[in-house]
Amino acid sequence: MNRPLGLLAELTHRCPLHCSYCSNPVELTRRTEELGTGQWIDVLDQARELGVLQVHLSGGEPLSRRDLPELVSHAHRIGCYLNLVTSGLALTAEVAEDLAARGLDHVQLSIQDSRADEANAVAGTRGHQLKLRAASVVRELGLALTVNVVLHKGNLDRVGEIIALAEQLGADRLELANTQYYGWAALNRRALLPTRAQLDRAAEVVEEARGGPMDIVYVTSDYYEDRPKPCMQGWASRQLTVAPDGRVLPCPVAGVIADLPAENVLARPLAEIWYSSAAFNAFRGTDWMREPCRSCALRDVDFGGCRCQSYALTGDAAATDPVCGLSPHRHVVDELLESTGEIPVAVPRRERR
Ligand code: SF4
Ligand code: FES
């Protein structure tokens, strides 16, 4: 069994944005339920001891936590590479300088669209200009910058403009990820699902833009694929997630699987949860697979797809991912795709505090 390389530390679910494509749970963790500073420091120590080298400080918006500087200092001190996953709204020059001095290595900045009005509409707040300011602050400090853009029906036709904006911002890397339908995004699926024609055009634009100094990662909408994504490179194989309340999950979305016995770092050491818990061992390797995955030549390539997607679409986390053309549940995805002609209004994510 591998040691984990990465920790996704979801410090809080609080966030100044209300994106309709958010994959966070519909029931967000309250502020009063969040781990305290000392508890997060203990999580970081345990993760490092377990082998974690990369820490992604995420949320929600990690800058909503007043103790973020202290957590950055500590994670740097114990030898972790630190990535801040942020909306950028509160990333002023002063804040960024302080975090950089404490050891922050990388910033992953979300941008909603190339155009301010459209970006602000999806985010449910007027933050676009603040994000552009954050990008420029990050570049001036010499920190590595990834721009992350979630793609959907409303912005996919502007993927060329989005690439141009990321280049203009000086991004080292651009992640263009079509919406994955978990949490709030699943509720808004009909408003977000693009058409196949949109996806085909976008893929061409992305292909033409490749080859420059900016690395472009493009994640397509898997509903339109015939084989599923190798989600998390296999269940509990490389990374673990600690949710704001201390629940330890094999992937950021696994909390949706109602019958998964999630454990909490406040009750059991991280190493025990990684190596021995029922949740982390539930879908490790290939022994848990049924047909058609069990005898499929691709079972070590895509690991049977995504457990959370299987659960969300079939109610059974051990089922073959319904995206797969060999799955007996593929019709579920096809029926969802048939609804892409409609453009219902997306429901903005609501915030619980
Ligand atoms: Fe992947 Fe299972 Fe489909 Fe084979 S049957 S391609 S292993 S999801
Ligand atoms: Fe949980 Fe794919 S998102 S396994």
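Atom set for the values below is all heavy atoms of this structure, side chains included, hydrogens, waters and symmetry mates excluded. Counting starts at 1 for both ligands and their atoms, in listed order.
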R238 NZ/CZ over W274 ring centroid, <6.0 Å and within 45° of normal: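 Judged by the rule, R238 and W274 form no cation-pi pair.
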Tell me whether V85 shares a hydrophobic cluster with L89, the cluster being built from Ile, Leu, Val, Met, Phe, Trp, Tyr side chains joined at under 4.5 Å. no
Would you mind checking if R173 and E175 are paired as a salt bridge, meaning a charged N to carboxylate O distance below 4.0 Å? yes
Salt-bridged, R330 to D334, with N to O below 4.0 Å?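 Yes, this pair counts.
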Once the angle between the rings of H106 and Y81 is folded into 0 to 90°, is it parallel (under 30°), tilted (30 to 60°) or perpendicular (over 60°)?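 Ring orientation of H106 relative to Y81: tilted.
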Aromatic rings Y223 and Y181: how do their planes relate, parallel, tilted or perpendicular, breaks at 30° and 60°?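 Rings of Y223 and Y181: tilted, 30 to 60°.
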Which pairs pass salt bridge (Lys or Arg N to Asp or Glu O under 4.0 Å) with one or both residues in residues 287-316, sequence neighbours excluded?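 Passing the test, one end in residues 287-316: R290-D316.
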What protein N, O or S atoms come within a distance below 2.8 Å of atom 3 (Fe) of ligand 1, ordered by chain and number? C324 SG
With sequence neighbours excluded, tell me which residues meet side chain to side chain contact (heavy atoms under 4.5 Å, CB included) with T12. R14, E34, S64, R65
For atom 1 (Fe) of ligand 2, which protein N/O/S atoms are closer than 2.8 Å?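 For atom 1 (Fe) of ligand 2, the protein N, O and S atoms that sit under 2.8 Å away are C251 SG, C308 SG.
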Do N155 and R158 have side-chain N/O donor and acceptor atoms under 3.5 Å apart? no
